[in-house]
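Report on the structure given below.
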Amino acid sequence: QEDPKPAVTLQVDASNGGGRPIPETLFGIFFEEINHAGAGGLWAELVSNRGFEAGGQNTPSNIWPWSIVGDHSSIYVATDRSSCFERNKIALRMDVLCDSKGCPSGGVGVYNPGYWGMNIEEGKKYKVALYVRSTGDIDLSVSLTSSNGSRTLASEKIIASASDVSKWIKKEVLLEAKATDPSARLQLTTTKKGSIWIDQVSAMPVDTHKGHGFRNDLFQMMADIKPRFIRFPGGCFVEGEWLSNAFRWKETVGPWEERPGHFGDVWKYWTDDGLGHFEFFQMAEDIGAAPIWVFNNGISHNDEVETASIMPFVQEALDGIEFARGDANSTWGSVRAKMGRQEPFELKYVAIGNEDCGKTYYRGNYIVFYDAIKKAYPDIKIISNCDGSSHPLDHPADYYDYHIYTSASNLFSMYHQFDRTSRKGPKAFVSEYAVTGKDAGTGSLLASLAEAAFLIGLEKNSDIVEMASYAPLFVNTNDRRWNPDAIVFNSSHLYGTPSYWVQRFFAESSGATLLTSTLKGNSTSLVASAISWKNNGKDYIRIKAVNFGANSENMQVLVTGLDPNVMRVSGSKKTVLTSTNVMDENSFSQPEKVVPHESLLELAEEDMTVVLPPHSFSSFDLLKESAKIRMPISDSSSHQKTTTV
Amino acid sequence: VYQTLCLVDAQEDAIVTLQVDASNVTRRPIPETLFGIFFEEINHAGAGGLWAELVSNRGFEAGGQIIPSNIWPWSIIGDESSIYVVTDRSSCFERNKIALRMEVLCDSNSCPLGGVGVYNPGYWGMNIEEGKKYKVVLYVRSTGDIDVSVSFTSSNGSVTLASENIIALASDLLNWTKKEMLLEANGTDNGARLQFTTTKKGSIWFDQVSAMPMDTYKGHGFRNDLFQMMVDLKPRFIRFPGGCFVEGDWLGNAFRWKETVRAWEERPGHYGDVWKYWTDDGLGHFEFFQLAEDLGASPIWVFNNGISHNDQVETKNVMPFVQEAIDGIEFARGDSNSTWGSVRAAMGHPEPFELKYVAVGNEDCFKSYYRGNYLEFYNAIKKAYPDIKIISNCDASAKPLDHPADYFDYHIYTLARDLFSKSHDFDNTPRNGPKAFVSEYAVNKADAKNGNLLAALGEAAFLLGLEKNSDIVEMVSYAPLFVNTNDRRWIPDAIVFNSSHLYGTPSYWVQHFFTESSGATLLNSTLKGKTSSVEASAISFQTNGKDYIQIKAVNFGEQSVNLKVAVTGLMAKFYGSKKKVLTSASVMDENSFSNPNMIVPQESLLEMTEQEDLMFVLPPHSFSSFDLLTESENVIKMPISDSYKKTSTM
């Protein structure tokens, strides 16, 4: 049968004059402490409320999620303000009322279930550290058990005489798990009568990424996006509902036990801030992404520092930059050095606040920050919260933030959004985008297709849009404060939503070359782009196309302007993201229902027509061949798909 | 002017008859504690209100424990070239580490004329009155000599109302030093501010800055005019300190009594995250009991039972919170040698306070751990203080409680017509088991706006129903009591105030009609006729050795109603005494600062002819009370009036 006539044609100009470099930093990621993304997620600490501070500074306080093993007659547990840590005064006191004859056989004490269960794997090791004090001898079992304590997975004892524990002392034990349980708990039990105080209890898997504290599987999924930048630590997390609950970097450096932690009152959970300023920069480096530090500019959702009073906050930001970039002899650089990092971290981008443009004092505060930072660090690029896409900013900036959360059809139609944006002035940083609402559910194909189209539009407008990141990146399935998200996880498993997989299609775009392309024909539900890029010494053209519609479409690709040395292009790889239903989602039971499917791309020389299935996002990699070799070559081994479990 | 009733013109179908049985057989005592008040720290009722402290964020703690912090509402006088202001953690107070550091960069040659420094506008302006005295206390530390002006000025600093200088040598200020001064105002300004200024170069630290008027009620710290309006209700109890304020959105932000006793400078203060403002907790546990004593009202202490709006302490972890409550009772009632009684004694009150009622939490009944936690509290308190009456948060009006309690909380916020109809809500409630404490009621939503006549009438009818059901409803209080007009988080309210003025809403004035009810005698009464928009009650009470029958009636309708009162079971003559009517031209009318007495009870002499039947006119949309002086048949037959001086509201 004769093939149906192509409905649309993508005209690609591959001539040298027709291309434009795509910014090296175009596609990155945005990490915010939201949905327990860090605490109970990427940051591998297993203990929740490790310092007993989450219940607040008034004693007695709520010790949740710690709980008591034993009843009223055998144990009394209360918090007091007796810790040795100046900024973490709350400690837990256990009065053991029974003795070895009267106590239950497993002893009495306290346990911590972690964040919805600790993932303990047979054969793996966990470093438990804790501070302890007592008026008598202690004999304390430190154990990892099943969620109800009935099965012991690992256990060690801390035995010490009264004289050794009359003052606070740090104890460390290494526990090796004899079995696997994704919802385990850490318990501290004893059958010895007397009072014991406990504080700053940590349980860390030994096998984190590079030993830097990041959970391997979550880290890997981030790295697989090949992000060129990472924006952190928020988001609204940076602002707080109130300033006193904002993320403040100085409180998050130094030894982990000394960090006060804080209640993030926008996303409404406590963080011990083990994932702090230093760890964020370390993460950026480990991923190979440029850090974009977002700091508070004295503005929260409910209170603001007047510009007349802002100078101390400006100094705080300058100090934060010095912490990262200062040499090891500088005031804050030396703090970094003491934390194990002599060499400065890279830091070229900072954002002054998040979504604060409409606040009373934003412009006034911004100018003070801008002037001070440019004076001290002229090379640092500064990002304003005010949208410069429709009319010019009335203040100096290198970039402006652009955030968009909308329905699928609306985001699809916004792929032209920056076509007519002025190219003069600051560049755009689309630091948050997603389809939300009923279109997205908890991460649907429909949402991802609209996002794909939007990203293609940004790619084609990357002379004005220099950076783009999806939000939010992570959701712990037990704390779905914000849906949808890119990566869904629990204590032991994870999967990417279709929106995650869309981003993988753009892994090669940053730093590549945009080719001028035009879609001709009836293309209301189609969006496409063309880029050229190099890999392993080979030149490729990548065509990406979204078919937002319910019908299959044939698209003919006409490539003109190839270099005389290139005789032709041939098929390499085809990647397609689609599913039978536009509202299909991935899940723990079906983590790969909607994922890209790769296959070899076979193309006839005379007619490069490709089929775009209904509701699909496709990419086609075309290998440019030089005159010397006239045979098609596929390089499929270089694109091994990463397992998601 | 005497009200003359013309019986001849009355229409038969507009007559409603109140049959009152005054015989000893059917009359019943009304609980001594029936009508009281509920004080909650909401709408800046305490901080910036009843508690007369003028400085807001006096300890620089409201901006949080992370430095630098927001110093709001403190602000800077001077620009960046002459002064640098920042918080640090250098205070001498262990639980209040934040202090303010002022670095003066200019000197007497280059500083602006009035100097540079900081100022505090108080809570939407300080009320400073000519001739009155204010005690200013502050802690100061410096590395050099200081010469600081402490002044009350107009809001922009241009007019000085009072000023003193603190001059001290560096050697005297190496350590934190408390400074006190008395400022006498030489002008009046109700939007004033307190400022510290200097032209001396160097660094000065400030902390714990207080400005208190000298003329608070009995010197106990309560703003006189607000206190008086509470007293005028003759409350038999006061429920405190909340309300949701007790729970917190999170336990970390709940009101915790131990943090609110001892020296005011040492109290950490806290951010009440339900009503969303900071309190320094100068109005603390001790002050609440002092307030109850000053009012002559029984304290009802509401404490947290380990439950907030978002987090809960498991029952098995709740023992430390139970102990905290027991300690709080000991603080009030323990003798001065007891652990917590001695803290009270050290604060200036060696004699125990009265405390007979405690409430275990507020509106927590449906929280997972409420019943479990409640039993721990109940058992521990009954064991230690068997006489204390315990109030449960669970509503027993529809079905019996499944746990022991002396009272159950009942809260009702609804529309005016709905509340009017709820006057019969407790008619059929079983009389055995715990009694009801209607601790919060109000008409709200669309009907009430900021406090209008319509709401007041709905409430009046409801209260008449409670009065008649006071064999099951033993205590009643309206909510909320106060609103600072600058923080109308919850409307309507009973009393509206700003820094210098106040007025009662119609809902406040309704409560005035019930000041004689507590401890009085309820007379059995029945309404007959077209009663769909009328509600009434009858009580007898004594004052100044005289016996009265008081008839109270709500006409919720828009037509005038003739109320015929038929009293049986009493061999007595009735003489008119006083008539009181609350009404207005429009049902949505409200009082305001510009028209504070638009809707207030209008008192007049009640003149009556000698008639067998008593007939009263109830105007449209009105609440009326009629006080009938009763005398035995064989006593002198002349009318006697005993005027009730109306209390000024200003």
Side-chain angles (χ1 to χ4, degrees), chain A residues 53-72 75-81 86-87 89 93 110 240-251 260 262-263 265 268 270 296 298-300 302-316 368, chain B residues 61-80 83-89 94-95 97 101 118 248-259 268 270-271 273 276 278 304 306-308 310-324 376:
Chain A
E53 304 286 330
Q57 294 303 297
N58 300 326
T59 57
S61 54
N62 196 357
I63 62 174
W64 184 87
W66 291 91
S67 198
I68 297 175
V69 180
D71 61 21
H72 290 346
I75 189 169
Y76 176 82
V77 174
T79 52
D80 61 25
R81 297 179 57 85
E86 181 57 36
R87 296 297 305 281
K89 297 304 286 182
R93 185 177 102 250
V110 291
E241 286 291 321
W242 297 88
L243 278 172
S244 56
N245 293 325
F247 179 91
R248 306 287 294 279
W249 77 267
K250 286 181 181 177
E251 311 296 308
H262 76 292
F263 175 70
D265 60 350
K268 300 201 185 315
W270 177 268
N296 189 290
I299 293 179
S300 77
N302 286 287
D303 63 323
E304 302 182 49
V305 174
E306 299 170 359
T307 302
S309 309
I310 198 68
M311 289 313 293
F313 289 78
V314 174
Q315 190 59 49
E316 181 186 37
V368 184
Chain B
E61 304 285 331
Q65 294 303 298
I66 301 170
I67 52 166
S69 54
N70 197 356
I71 61 174
W72 184 88
W74 292 91
S75 200
I76 297 175
I77 302 171
D79 61 22
E80 285 163 19
I83 189 169
Y84 177 78
V85 175
V86 65
T87 51
D88 62 25
R89 296 179 58 84
E94 181 58 37
R95 294 296 304 279
K97 297 303 286 182
R101 185 176 108 246
V118 291
D249 261 359
W250 297 87
L251 279 172
N253 293 324
F255 180 90
R256 306 289 294 279
W257 77 267
K258 286 181 180 177
E259 312 296 317
H270 76 292
Y271 171 69
D273 60 351
K276 299 200 184 312
W278 177 267
N304 189 290
I307 293 179
S308 78
N310 286 287
D311 63 324
Q312 303 181 53
V313 174
E314 296 172 3
T315 300
K316 63 183 188 172
N317 297 352
V318 84
M319 291 315 291
F321 290 79
V322 173
Q323 189 59 49
E324 181 186 37
E376 300 291 342

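Chain letters run A, B, ... following the sequence lines, proteins first, then strands; residues in each count from 1. What you see below is based on every heavy atom in this structure, not just the backbone, and it leaves out hydrogens, waters and symmetry mates.
- The two residues B/R95 and A/N58 come nearest to each other via the heavy atoms NH2-OD1, 3.4 Å.
- For chain B, the nearby part of A/V77 is the backbone; its heavy atoms alone come within less than 4.5 Å.
- Both the backbone and the side chain of A/S67 come within contact range of chain B, with heavy atoms under 4.5 Å apart.
- For A/D71, the side-chain hydrogen bond (donor to acceptor under 3.5 Å, both in side chains) test picks out A/S73, A/S74, with sequence neighbours left out.
- The contact between A/E251 and chain B is made entirely by side chain atoms (from C-beta outward), counting heavy-atom distances below 4.5 Å.
- Put simply, CD1 on B/I66 and CZ on A/F247 are 9.5 Å apart, with the number rounded to the nearest 0.5 Å.
- Checked against ring-ring contact (aromatic ring centres under 6.0 Å, His included), B/Y271 has the following partners two or more places apart in sequence or in another chain: A/W242.
- The side-chain heavy atoms of B/E324 and A/P60, taken from C-beta on, include a pair separated by under 4.5 Å.
- Contacts of A/I68 with chain B are made by both backbone and side-chain atoms, with heavy-atom separations under 4.5 Å.
- Contacts with chain A were tallied for B/R89, B/H270, B/Q323, B/Q312; B/R89 has the most, counting heavy-atom pairs under 4.5 Å.
- Contacts of B/E376 with chain A are made by side-chain atoms alone, with heavy-atom separations under 4.5 Å and no backbone atom involved.
- Heavy-atom minimum distance, A/W66 versus B/N317: O-ND2, 3.7 Å.
- The shortest distance between side-chain heavy atoms of B/P73 and A/E306 does not fall below 4.5 Å.
- Heavy atoms closer than 4.5 Å to chain B are found in the backbone of A/S61, but not in its side chain.
- We find the CG-CG distance between A/N62 and B/D311 to be 5.0 Å, quoted to the nearest 0.5 Å.
- The closest side-chain heavy-atom distance from B/W74 to A/S309 is not below 4.5 Å.
- The parts of A/F313 that come within reach of chain B are both its backbone and its side chain, each placing non-hydrogen atoms under 4.5 angstrom from that chain.
- Contact of B/F321 with chain A is made through backbone and side chain together, with heavy-atom distances under 4.5 Å.
- Heavy atoms of A/E241 lying under 4.5 Å from chain B are absent altogether.
- If you take NZ on B/K276 and CG on A/D303, they are separated by 12.0 Å, rounding to the nearest 0.5 Å.
- Using a 4.5 Å cut-off between heavy atoms, B/V313 contacts chain A through both its backbone and its side chain.
- Checking A/S244 against B/Q65 by side-chain atom types alone, no donor-acceptor pair falls below 3.5 Å.
- Here the CD-CH2 distance, from B/E314 to A/W64, works out to 10.0 Å after rounding to the nearest 0.5 Å.
- Separation of atoms CD1 (B/I67) and NZ (A/K250) is listed at 7.5 Å; rounding is to 0.5 Å.
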